[in-house]
Novice: 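The following block contains the structure, expressed as structure tokens.
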Amino acid sequence: MTETKEKKKNIVADYFDRLFHSENSPKKWELAIWWAARTVLIATLVHALFINKADDHAKMALQVFGNMLGQFVWEIFMMFPKKSFLRHIPAYIQDISAPALIGGSLFGAYLNFYYSAPVLDIVMHTVGGVACTLIGYEIFTAMEKRDTRRGDTKSSIAIIVFGAFCFSFVAGNIWELFEFTADQLNPVHPGDAQHWSYDLAVQAIEDAKALGKTIDLPNFIDPRDPMRYGLIDTMEDMICNTVGGFIGWVILKFVPYHHLDRKRALKELEK
């Protein structure tokens, strides 16, 4: 029994050592950003559960809770065994995801800025495309780091950067599939994850007018027909994801960084 307790204690100690004393550990300012973002989402969750009187407050609380769990993704990665590439992903990916989850969950969905401040959706998907490219880069370099330790040959930097762009494109499409699925699963009270509701968009315009403000439909592409409103919103999201992914690819093409040797990376890109 004592031996089992000691083993469990060593596992816990090893886990916290990976969190705070490994090459991938976060800096103090990063931890401050993470916990500030987590505190905001915890406060939003409390508001959704106990103060918000909207009919769909339970659904909004569930969405906020899911995004709050996403704030701990790097700590979850560190739980994986050493042979997993996830153990080699640096902490800074959470510097990217933390503000993104705040923007999408709190401002976009909970405060309804996707309708009242339509430009936020465009910005979120474009920046998300850039972020997913950088995250994809980290995933592929983490795989390389794991495989190199096994004695495998190193991959070409150009292939890794292109793979990062492809990862961004796939992640954007998976997100749209997730939104579609979330809206379809509840036939009684269908969701609005895709922001397909033309009526809600018109209501947001009317509410803005009542406050002396002027906003348009949250589309930069004319839907031409109210029936195409949801389709256009999804296509705009995919376009912005792709543009963001391309921007991320350009950034990595000109500024390859840390896991890979810079001189080798630049030399390969010049070939």
Side-chain angles (χ1 to χ4, degrees), residues 11-38 41 66-105 124 127-175 178 241 244-245 247-249 251-253 255-262 264-265 268:
I11 291 173
V12 173
D14 182 56
Y15 173 69
F16 280 98
D17 189 58
R18 290 198 299 274
L19 290 184
F20 300 109
H21 303 293
S22 71
E23 60 179 335
N24 292 325
S25 297
K27 299 177 177 62
K28 289 182 179 179
W29 64 266
E30 290 177 306
L31 287 171
I33 291 174
W34 296 0
W35 280 104
R38 290 164 182 172
L41 284 187
N67 281 277
M68 190 174 69
L69 289 180
Q71 297 277 7
F72 293 88
V73 65
W74 183 77
E75 286 91 338
I76 294 171
F77 286 169
M78 293 302 103
M79 294 179 181
F80 281 77
K82 194 172 184 180
K83 62 182 180 180
S84 172
F85 72 89
L86 294 174
R87 276 275 295 272
H88 300 288
I89 291 179
Y92 96 90
I93 66 159
Q94 207 150 263
D95 302 343
I96 299 172
S97 64
L101 289 170
I102 290 289
S105 179
M124 287 295 298
V127 173
V130 177
C132 283
T133 304
L134 299 181
I135 291 171
Y137 175 88
E138 292 299 343
I139 288 173
F140 285 115
T141 51
M143 288 179 177
E144 182 190 54
K145 195 170 186 180
R146 176 201 62 187
D147 295 343
T148 300
R149 288 181 178 180
R150 293 176 179 174
D152 295 342
T153 56
K154 287 190 174 183
S155 304
S156 163
I157 178 64
I159 291 176
I160 291 177
V161 172
F162 180 70
F165 168 74
C166 292
F167 174 85
S168 175
F169 189 78
V170 170
N173 281 276
I174 289 175
W175 178 256
F178 165 76
N241 291 339
I247 293 171
W249 175 76
I251 291 172
L252 290 175
K253 185 171 176 61
V255 193
Y257 60 101
H258 59 197
H259 291 307
L260 302 167
D261 179 76
R262 182 175 174 79
R264 180 174 70 86
E268 287 196 25

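Computed from heavy atoms alone, side chains included, the values below leave out hydrogens, waters and symmetry copies.
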Novice: State, yes or no, whether a side-chain contact exists between Leu134 and Tyr92 at a heavy-atom distance under 4.5 Å.
Specialist: yes
Novice: With sequence neighbours excluded, tell me which residues meet side chain to side chain contact (heavy atoms under 4.5 Å, CB included) with Phe85.
Specialist: Ile89, Ile139, Ala142, Met143, Arg146
Novice: Sub-3.5 Å donor-acceptor pair from the side chain of Ser168 to the main-chain atoms of Cys132, do we have one?
Specialist: no
Novice: Taking side chain to side chain contact (heavy atoms under 4.5 Å, CB included) as the definition, give me every residue that meets it alongside Ile33, ordered by chain and number, with sequence neighbours left out.
Specialist: Trp29
Novice: Who are the side chain to side chain contact (heavy atoms under 4.5 Å, CB included) partners of Ser22, not counting sequence neighbours?
Specialist: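 Per chain and number, Ser22 pairs via side chain to side chain contact (heavy atoms under 4.5 Å, CB included) with Asn24, Ser25.
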Novice: Can you check side-chain contact (heavy atoms from CB on, under 4.5 Å) on Phe165 and Leu252, steps first, answer last?
Specialist: CA-CA 10 Å; Phe165 168 74; Leu252 290 175; over 6 Å; no
Novice: Only counting residues at least two apart or in another chain, list the ones meeting side-chain hydrogen bond (donor to acceptor under 3.5 Å, both in side chains) with Trp249.
Specialist: none
Novice: Quick one: list whatever passes ring pair (Phe, Tyr, Trp, His ring centres under 6.0 Å) with Phe80, sequence neighbours left out.
Specialist: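 Ring pair (Phe, Tyr, Trp, His ring centres under 6.0 Å) check on Phe80 returns nothing, list empty.
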Novice: Let me see the working for Ile93 and Phe77 under side-chain contact (heavy atoms from CB on, under 4.5 Å), right down to the final yes or no.
Specialist: CA-CA 11 Å; Ile93 66 159; Phe77 286 169; 3.7 Å; yes
Novice: So does Val73 get a backbone contact from the side chain of Gln94, meaning a donor-acceptor N/O pair under 3.5 Å?
Specialist: yes
Novice: Please list, chain by chain and in numerical order, all residues satisfying side-chain hydrogen bond (donor to acceptor under 3.5 Å, both in side chains) with Asp14, sequence neighbours excluded.
Specialist: Arg18
Novice: May I ask you to decide if the ring planes of Trp74 and Trp34 are parallel, tilted or perpendicular, using 30° and 60° as cut-offs?
Specialist: tilted
Novice: Mind checking side-chain hydrogen bond (donor to acceptor under 3.5 Å, both in side chains) for Glu30 and listing every partner two or more places apart, or none if nothing turns up?
Specialist: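 Expected list: none.
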Novice: Between CG of Leu69 and CD1 of Ile76, what distance do you get to the nearest 0.5 Å?
Specialist: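 Result: 7.0 Å between the selected atoms.
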Novice: Tell me whether the count of non-hydrogen atoms from other residues, nucleotides or ligands lying under 6.0 Å of CZ in Phe167 goes above 12.
Specialist: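 Yes, enclosed.
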Novice: Quick check for you: to the nearest 0.5 Å, what is the distance between Ile160 atom CD1 and Tyr137 atom OH?
Specialist: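 If we round to the nearest 0.5 Å, Ile160:CD1 and Tyr137:OH are 6.5 Å apart.
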Novice: Does the side chain of Tyr15 come within less than 4.5 Å of Met78's, by heavy atoms?
Specialist: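 Touching, per the 4.5 Å side-chain cut-off.
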Novice: Could you tell me the separation between the CG atom of Leu31 and the CG atom of Leu19, rounded to the nearest 0.5 Å?
Specialist: 9.0 Å
Novice: What do the steps show when you test Gln71 against Ile102 for side-chain contact (heavy atoms from CB on, under 4.5 Å), and what is the final call?
Specialist: CA-CA 9 Å; Gln71 297 277 7; Ile102 290 289; 4.1 Å; yes
Novice: Where is the tightest heavy-atom contact between Ala98 and Ala37, given as atom of each residue plus distance?
Specialist: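 Minimum heavy-atom separation between Ala98 and Ala37: CB-CB, 4.0 Å.
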Novice: Please list, chain by chain and in numerical order, all residues satisfying side chain to side chain contact (heavy atoms under 4.5 Å, CB included) with Ala131, sequence neighbours excluded.
Specialist: Ile96
